[in-house]
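Values below: all heavy atoms of this structure, side chains included; hydrogens, waters and symmetry mates excluded. Treat the numbers as computed from the prediction; the structure is a model and nothing was measured.
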Amino acid sequence: MTFTVTRTGLDGSPARLRLAGELDLSTAPELTAAIDRLAAEGHRELLLDLAELTFCDSTGIAAFVRGDNLAAAAGGWLRITGATGRVARVLQMTGLAEVLRYEGGTADPATPAAS
């Protein structure tokens, strides 16, 4: 399966990326590059929509952590939403669900109630 990173909500804050497919060793650099571009554009708040992500390995987890560290260094944050199945399980098992304030369902973690 292929992997895609699509920027959505171009005019809003936070910046939003929708991930689809499999996030692994061969595709994590694409996510890292997208996060780096947003940081270079001055975005400090980033929301990753994982609803269409079907797989995530340790390099994908590392990309999430790196993105969160980059945003935090600029006074911002990285949040995740929409994970299901195996991806949600990996986030729970690694503790990233809590760190990145993931909540299952359709709640937008960029809202004040989820922050």
Side-chain angles (χ1 to χ4, degrees):
M1 175 170 230
T2 61
F3 175 74
T4 60
V5 178
T6 307
R7 187 170 174 186
T8 61
L10 298 175
D11 295 330
S13 182
R16 296 170 184 257
L17 295 176
R18 181 179 28 204
L19 311 184
E22 298 182 356
L23 181 57
D24 58 22
L25 180 63
S26 65
T27 59
E30 188 176 342
L31 174 58
T32 299
I35 291 171
D36 288 348
R37 277 191 301 275
L38 291 172
E41 293 172 8
H43 294 280
R44 298 179 321 149
E45 299 173 346
L46 179 60
L47 178 63
L48 303 182
D49 178 354
L50 310 183
E52 297 179 41
L53 194 64
T54 58
F55 177 81
C56 181
D57 72 3
S58 61
T59 53
I61 295 299
F64 295 151
V65 171
R66 182 186 175 281
D68 184 51
N69 289 340
L70 185 63
W77 48 258
L78 180 142
R79 299 288 179 263
I80 53 178
T81 189
T84 60
R86 292 180 185 176
V87 175
R89 184 171 171 214
V90 166
L91 293 170
Q92 292 293 333
M93 290 174 50
T94 60
L96 276 185
E98 185 176 326
V99 172
L100 299 180
R101 297 185 185 161
Y102 168 75
E103 294 184 19
T106 59
D108 184 341
T111 61
S115 294

- Query: Is any side-chain heavy atom of Leu78 closer than 4.5 Å to a side-chain heavy atom of Ile35?
  - Reply: yes
- Item | Distance-minimising heavy-atom pair for Leu70 and Ala39 | CD2-CB, 3.7 Å
- Task: Quick one: closest heavy-atom pair of Arg18 and Thr8, and the distance?
- Result: NH2-CG2, 3.4 Å
- Give, for atom CG of Leu96 and atom CD1 of Ile80, the distance between the pair rounded to the nearest 0.5 Å. 6.5 Å
- Pick one: which of Leu17, Asp36, Thr59 meets side chain to side chain contact (heavy atoms under 4.5 Å, CB included) with Leu31? Leu17
- Message: Please give me the minimum heavy-atom distance between Thr54 and Val87, naming the atom from each residue.
- Response: C-CG2, 3.8 Å
- Quick one: CZ on Arg66 to CG on Asp68, what's the gap to the nearest 0.5 Å? 12.0 Å
- Note on the structure: For Ser26 and Asp24 the tightest heavy-atom approach is OG-OD1, 2.9 Å
- What's the spacing between Ile61 CD1 and Leu23 CG if we round to 0.5 Å? 8.0 Å
- With a cut-off of 6.0 Å (strictly less than), are more than 12 heavy atoms of other residues, nucleotides or ligands near CZ of Arg7? yes
- Query: Same hydrophobic cluster for Phe55 and Val90, using side-chain heavy-atom links shorter than 4.5 Å among ILVMFWY?
  - Reply: no
- When rounded to the nearest 0.5 Å, the distance separating CG of Leu53 from CZ of Phe3 is 6.5 Å
- Query: To the nearest 0.5 Å, how far apart are CG in Leu38 and CZ in Arg16?
  - Reply: 12.5 Å
- Item | Donor-acceptor pair, side chain of Thr27 and main chain of Glu22, under 3.5 angstrom | yes
- Message: Could you report the tightest heavy-atom contact between Leu91 and Ala83, atom names first, then the distance?
- Response: CD1-CB, 3.6 Å
- Polar side-chain atom of Arg44 near backbone of Ala74 as donor-acceptor pair, under 3.5 Å: yes
- Of all heavy-atom pairs linking Ala97 and Gln92, the shortest is CB-NE2, 3.3 Å
- Task: Can you measure from CZ (Phe64) to CG (Leu19) and round to the nearest 0.5 angstrom?
- Result: 6.0 Å
